[in-house]
Engineer: 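Take this structure, written in C-alpha cells, and hold onto it; I'll ask about it next.
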Amino acid sequence: MSEAIRANSILPVRREDIELHTADGLKLVGELALPADRDPVATLVCVHPLPTHGGMMDSHVFRKAAWRLPALAGLAVLRFNTRGTSSVRGTSEGAFDNAVGERYDVAAAIEYAEFASLPRVWLLGWSFGTDLTLKYGCDPAVEGAILLSPPLRFATEEDLATWAGSGKPVTALVPEFDDYLRPDEARQRFTAIPRAEVVGVPGAKHLWVGDAEKVLDEIVQRVAPDVPVPLPSTWDGPMESGDASAYADRTVAAFADVPKQGQDGRQGSL
C-alpha cells in the first residue's frame, strides 16, 4: 500500500559514513547515500550553507535529497561537513575559514567521488556553498553545478569567468523573495557565464521552507533528465522515519551578515 512521502521519510538506500582527508591535513565527516538496488546514474556532492549560521550537511534540502533521491532518481548523494562544522554525523576537524581554507574541503569531496568511481559528478551548493562551488568546484572531474540561493558574496568575477571558460553547465535556482539575490539581479550577474541558466522560483524564499520538493524536481531534471518529474509523492514499499529533533533549533540554515538574536539576547543560528 502506498504511503505519502513526508518531510522525515527515508526511502530504501545504501548508506555509509565516510571521511574526507584534505590536502592541509584535516579529517572531515560525511555520508554517502546510494541506490539500494542499482548503480547510481549520477552523483550530487552537496556543499552546505554558512556553518556559522546553522549550515551543515543535514541542512533540510540536503537531508531530503539523501533520504529520497537514491530511491526516486537513482542518484548518489554525498554530503559532508566543511571544516569546523558539526551535525549528528560528527564534527569535522579545523575551523571555519571564511571561504579560504574551505577550498581544500571542496577538493577533498571531489577527490573522494573520483576515487570511489562515482558517476557524473555534479556539485550542489546552497548559499555559502554556492560561493565555494563557484570558487573551487570547476574541476575536470565535475560535470556541472547547481546553485541554490546564490548570494554571490565570496565568488569573484574571475571565478565566474573560470566557469564560463569551462563550458560546464551551471544552473542557479533563485527564490522570488530571496533575502540576498533575487531573480532579475541574478540574471544580470550570471551573464558572466553565457551557459548559466537562472531559474526564478515563484513564492520561494532563501531557506526553501515548504519548497524542497520543487528544488529536488529541478535538480533531478538537470542531473538525471531521463527520470520523470515531478517526483512521486507516495512510496509503495518499506519506508522509515528520520529523527530531525536534534535540529529543532536550526531546522533550516541561513546566510546572513548578522546572526539572529535569541529571546535571551544571545546570538543563535538562523
Side-chain angles (χ1 to χ4, degrees), residues 10 13 15-34 43-67 69-70 75-116 118 121-137 139 142 145-149 151 154 207-208 212 242-256 259 268-270:
I10 304 177
V13 61
R15 191 182 311 279
E16 62 176 298
D17 290 340
I18 62 172
E19 293 180 352
L20 310 180
H21 298 273
T22 69
D24 62 339
L26 299 181
K27 181 171 67 178
L28 312 179
V29 299
E31 181 202 85
L32 177 63
L34 297 164
T43 304
L44 296 174
V45 173
C46 302
V47 191
H48 61 69
L50 196 67
T52 55
H53 292 71
M56 57 180 166
M57 61 180 277
D58 277 342
S59 292
H60 78 105
V61 173
F62 290 169
R63 191 170 67 234
K64 290 166 185 171
W67 288 356
L69 295 188
L75 299 182
V77 180
L78 190 160
R79 298 178 291 153
F80 67 101
N81 285 332
T82 57
R83 56 191 57 211
T85 302
S86 298
S87 70
V88 168
R89 170 67 181 90
T91 300
S92 290
E93 294 178 349
F96 175 69
D97 198 27
N98 287 291
V100 178
E102 284 83 2
R103 71 180 304 147
Y104 302 113
D105 304 352
V106 175
I110 295 171
E111 181 180 70
Y112 186 97
E114 189 174 13
F115 286 168
L118 297 174
V121 175
W122 284 71
L123 295 184
L124 175 62
W126 180 5
S127 197
F128 175 68
T130 68
D131 280 313
L132 297 185
T133 295
L134 290 170
K135 290 182 73 64
Y136 308 126
D139 184 276
V142 171
I146 298 176
L147 313 174
L148 310 181
S149 306
F154 294 95
L207 305 181
W208 301 104
D243 180 9
S245 61
Y247 304 122
D249 63 340
R250 54 173 184 170
T251 302
V252 293
F255 178 103
S269 299
L270 282 172

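Heads up: numbering here begins at 1 and tracks the sequence. What you are looking at is a predicted structure, and each value in this text was computed from that prediction instead of being measured.
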Engineer: Locate the shortest heavy-atom distance separating Lys135 from Ala99; write the atom from each residue and the value.
Structural biologist: CE-O, 4.0 Å
Engineer: Could you tell me the separation between the CD atom of Glu111 and the CG atom of Asp139, rounded to the nearest 0.5 Å?
Structural biologist: 9.5 Å
Engineer: When rounded to the nearest 0.5 angstrom, what is the spacing between CD in Glu102 and CG in Leu28?
Structural biologist: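 So the CD of Glu102 and the CG of Leu28 are separated by 10.0 Å.
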Engineer: Hey, could you give me the CD1/OG1 distance between Ile146 and Thr130, rounded to the nearest 0.5 Å?
Structural biologist: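 These two atoms lie 13.0 Å from each other.
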Engineer: Just do the side-chain contact (heavy atoms from CB on, under 4.5 Å) check on Phe62 and Leu124 with the steps written out, would you?
Structural biologist: CA-CA 9 Å; Phe62 290 169; Leu124 175 62; 3.7 Å; yes
Engineer: Can you sort out the partners of Glu31 under salt bridge (charged side-chain N to carboxylate O under 4.0 Å, His left out), two or more places apart, ordered by chain and number?
Structural biologist: Arg15, Arg79
Engineer: If you apply the rule side-chain contact (heavy atoms from CB on, under 4.5 Å), what do you find for Val77 with Trp67, and how did you get there?
Structural biologist: CA-CA 9 Å; Val77 180; Trp67 288 356; over 6 Å; no
Engineer: Salt bridge (charged side-chain N to carboxylate O under 4.0 Å, His left out) for Asp58 and Arg89? Distances and angles first, verdict last.
Structural biologist: CA-CA 9 Å; Asp58 277 342; Arg89 170 67 181 90; over 6 Å; no
Engineer: Return yes if some donor-acceptor pair links the side-chain N/O of Asn81 with the main-chain N/O of Met57 below 3.5 Å, else return no.
Structural biologist: yes
Engineer: Using the ring centroid of each side chain, check whether Phe154 and Phe128 are separated by less than 6.0 Å.
Structural biologist: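 So the answer is yes for these two rings.
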Engineer: Can you measure from CG (Leu44) to CG (Leu69) and round to the nearest 0.5 angstrom?
Structural biologist: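 Rounded to the nearest 0.5 Å, the CG-CG separation comes out at 6.5 Å.
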Engineer: Going from CG on Leu148 to NE2 on His48, what distance comes out if it is rounded to the nearest 0.5 angstrom?
Structural biologist: 13.5 Å
Engineer: Does the side-chain contact (heavy atoms from CB on, under 4.5 Å) test come out yes or no for Phe80 and Ser92, once each step is laid out?
Structural biologist: CA-CA 9 Å; Phe80 67 101; Ser92 290; 6.0 Å; no
Engineer: Please check if atom OH in Tyr104 has more than 12 non-hydrogen atoms from other residues, nucleotides or ligands closer than 6.0 Å.
Structural biologist: no
Engineer: Could you state the interatomic distance from CG (Asp105) to CD (Glu93), rounded to the nearest 0.5 Å?
Structural biologist: 11.0 Å
